[in-house]
Amino acid sequence: MSYNTTENPAGRRIAALLDAGSFAEIGGEITARSTDFNLHERNTPSDGVITGYGLIDGNLVFVYSQDPDVLNGSMGEMHAKKIGNIYDMAMKMGAPVIGLIDCAGFRLQESTDALDAFGSLYRRQTEASGVVPQITAIFGTCGGGMAVVTGLADFTFMEENEGRLFINSPNTLNGNSVSELDTSDAVYQSSVSGLVDGIGTENEILEQIRSLVCMLPSNYEDGVFAEPCTDELNRLCPDIENGVRDGAFVLSQIADGQTFFELKKNYAKEMAIGFIRLNGTTVGAVANRSCLYRADGTEESFEPVLTVNGCRKAADFIKFCDAFSVPVLSITHVEGFAADVESEKNMAGAAAELTCAFAGATVPKVNLITGKAYGSAYLTMNSKSLGADLVYAWPTAEIGMMDAGMAAKIMYADADMSVIREKETEYRTLQSGPAAAARRGCVDAVIQPSDTRKYTIGAFEMLFTKRVQRPDKKHGTV
């Protein structure tokens, strides 16, 4: 490595990310080649970016790490070409690309040369999308065109104090100043924009990336990622029914080692997404949430509805899972769609994106209905009619058009309360109970909550060899 890893942040981050002694640098002798504005008089070792390959828990990855000590980590022609070369090699080898970002933006002295090289990086990222996983982590500035790099990546992490992510800096936004609202900081980008999957200290971010890489296939042809399972396959989950309102709790209960790797946890909290392992196999998980149980014992409540941000968050995640052949498990507890003026602007489009993502995915798909599943929102959440391979429901689940009491009041609007209550019970038995849904083929089995782990593992093992033929077309338009 051309840099002293104990002194240079770019080298230090690579050393902390990869297995000890595994990094091999590529292009370490490259420097800026432009001579305009006396740039040749400046020292530009490796043109401000370390590139190469190494191992994470024995898995091959390609890495680039920008150096803020060299022209503030600015993006020049050779800088961009070095990163592009890493992408070319990663595509050939079928290995993930990890970018450690700390960049002041485009290098003004190189102007069009820098822009042209950077544009080719966009093209390579687009070509790599769905072929190899792309992960970025922001440790300093990531502004302007560099922010698009994170948008093209599959997963993005951000240092909680020094990280800055923006297209336009906060002070350039009409009517805003950084003192009023810092639209570039980690809190805003993780909770409002939703572009960032996780935040933390530098070491925490690097550890999150290591954990993520160990759960993902290296490329789209690798198939399902699996490791030996030390958890009991038929382990009962005695307290799992307490998680009806928090699908993430259900996922943590059934997962190997009770570990749920949640992504975008600060954004659209009513929809949880992330990865679990079931019998050692990585499974992508999407879960409705109307209550978030915090570690300190407090709770945060949400309406049990699909929101615009929640739908898009889940849809993007499902598309990633489908591209890399990662099976999908959904936990359904939803009563409808968000009903307010702001949501109505985009609700239909967002719901269509989620519907298309579930329906179009060809990977094994299992749905577990833990609570309420009403109307079109239920259909959107990986229902049998949408293409779920197997659907399970807990005995207390309610599946149908709407709440039984509301349905009785509508159908018997002029009746007295005793009749309405009688019809409510009748409607629940005939139309909205899990047994009624099972009789109609909308549910494959009504299972006891404590048996959920056993059933989901069995389902995905059966679906391991699933093959689907889709209509021949270029791509969909949703």
Side-chain angles (χ1 to χ4, degrees), residues 129-130 151 154-155 192-195 197 245-248 250-251 262-276 283-290 302-340 342-391 393 399-402 442 468 470 475-478:
S129 180
D154 298 306
F155 305 100
V192 180
S193 78
L195 184 60
D197 291 276
R245 298 173 59 208
D246 189 352
V250 174
L251 291 169
E262 187 174 359
L263 298 163
K264 299 188 189 297
K265 62 176 65 176
N266 296 327
Y267 179 71
K269 297 178 183 178
E270 70 283 351
M271 181 72 79
I273 63 169
F275 296 105
I276 63 174
V283 173
V286 175
N288 298 131
R289 174 192 271 154
S290 59
F302 318 96
E303 291 295 319
V305 296
L306 294 180
T307 65
V308 172
N309 291 342
C311 284
R312 288 177 171 159
K313 170 182 173 179
D316 288 344
F317 179 72
I318 294 163
K319 291 173 186 176
F320 173 85
C321 291
D322 191 47
F324 289 95
S325 301
V326 177
V328 172
L329 170 65
S330 56
I331 309 293
T332 300
H333 168 55
V334 64
E335 296 183 15
F337 297 104
D340 57 73
E342 189 64 27
S343 296
E344 196 63 18
K345 296 177 184 178
N346 298 292
M347 193 70 252
E353 289 180 36
L354 181 56
T355 301
C356 186
F358 270 127
T362 60
V363 294
K365 296 176 288 188
V366 176
N367 185 26
L368 170 66
I369 303 173
T370 59
K372 298 176 180 179
Y374 293 159
S376 297
Y378 144 63
L379 295 179
T380 296
M381 275 300 296
N382 196 25
S383 61
K384 189 78 171 178
S385 51
L386 207 60
D389 298 298
L390 285 172
V391 176
I399 307 163
M401 191 66 68
M402 62 179 66
C442 298
V468 175
R470 293 295 192 188
H475 57 73
T477 59
V478 179

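Keep in mind it's a predicted model, so treat the numbers as computed, not measured.
- Closest of all the heavy-atom pairs between F358 and S330 is CZ-CB, 4.1 Å.
- Nearest heavy atom pair, residue A351 against residue F337, reads CB-CE2, 3.7 Å.
- Considering CG of N367 and OG1 of T332, their distance stands at 3.5 Å, rounded to 0.5 Å.
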Using distance only, find each side-chain donor-acceptor pair of residues 313-326 under 3.5 Å and give its atom names and separation, not counting sequence neighbours.
| from | atom 1 | to | atom 2 | distance (Å) |
| --- | --- | --- | --- | --- |
| K313 | NZ | K264 | O | 3.0 |
| K313 | NZ | Y267 | O | 2.6 |
| K313 | NZ | A268 | O | 3.3 |
| K313 | NZ | M271 | O | 2.6 |
| D322 | OD1 | T362 | N | 2.8 |
| D322 | OD1 | T362 | OG1 | 3.4 |
| D322 | OD1 | V363 | N | 3.3 |

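- The shortest heavy-atom contact between G349 and R312 is C-NH2, 4.5 Å.
- Take A338 and apply the side chain to side chain contact (heavy atoms under 4.5 Å, CB included) test, not counting sequence neighbours, and it matches V305, T307, D340, S343, M347.
- In this structure the side chain of L379 reaches within 4.5 angstrom of the side chain of S385, judged on heavy atoms.
- For the pair H333 and P304, the tightest heavy-atom approach, listed with the atom from each and the gap, is NE2-CB, 4.2 Å.
- Taking the charged nitrogens against the carboxylate oxygens, K365 and D389 have no contact shorter than 4.0 Å, which rules out a salt bridge.
- Taken to the nearest 0.5 Å, the CD atom of E270 stands 10.5 Å off from the CD atom of E303.
- Here the CD atom belonging to E353 is positioned 8.5 Å from the SG atom belonging to C311, to the nearest 0.5 angstrom.
- For K265, the side chain to side chain contact (heavy atoms under 4.5 Å, CB included) criterion is met by E262, not counting sequence neighbours.
- Residues T380 and L386 share a closest heavy-atom pair of O-CD2, 3.6 Å.
- With rounding to the nearest 0.5 angstrom, the CD1 atom of I369 is 9.5 Å from the CE atom of M381.
- Residues L329 and I276 form a side-chain contact, since some pair of their non-hydrogen atoms from C-beta on lies under 4.5 Å apart.
- Taking each heavy atom of K269 and F302 in turn, the nearest pair found is CB-CZ, 3.4 Å.
- Atom CG in L368 sits 11.0 Å away from atom CG in N382 (nearest 0.5 Å).
- For the atom pair K384 NZ and C442 SG, the distance stands at 9.5 Å (nearest 0.5 Å).
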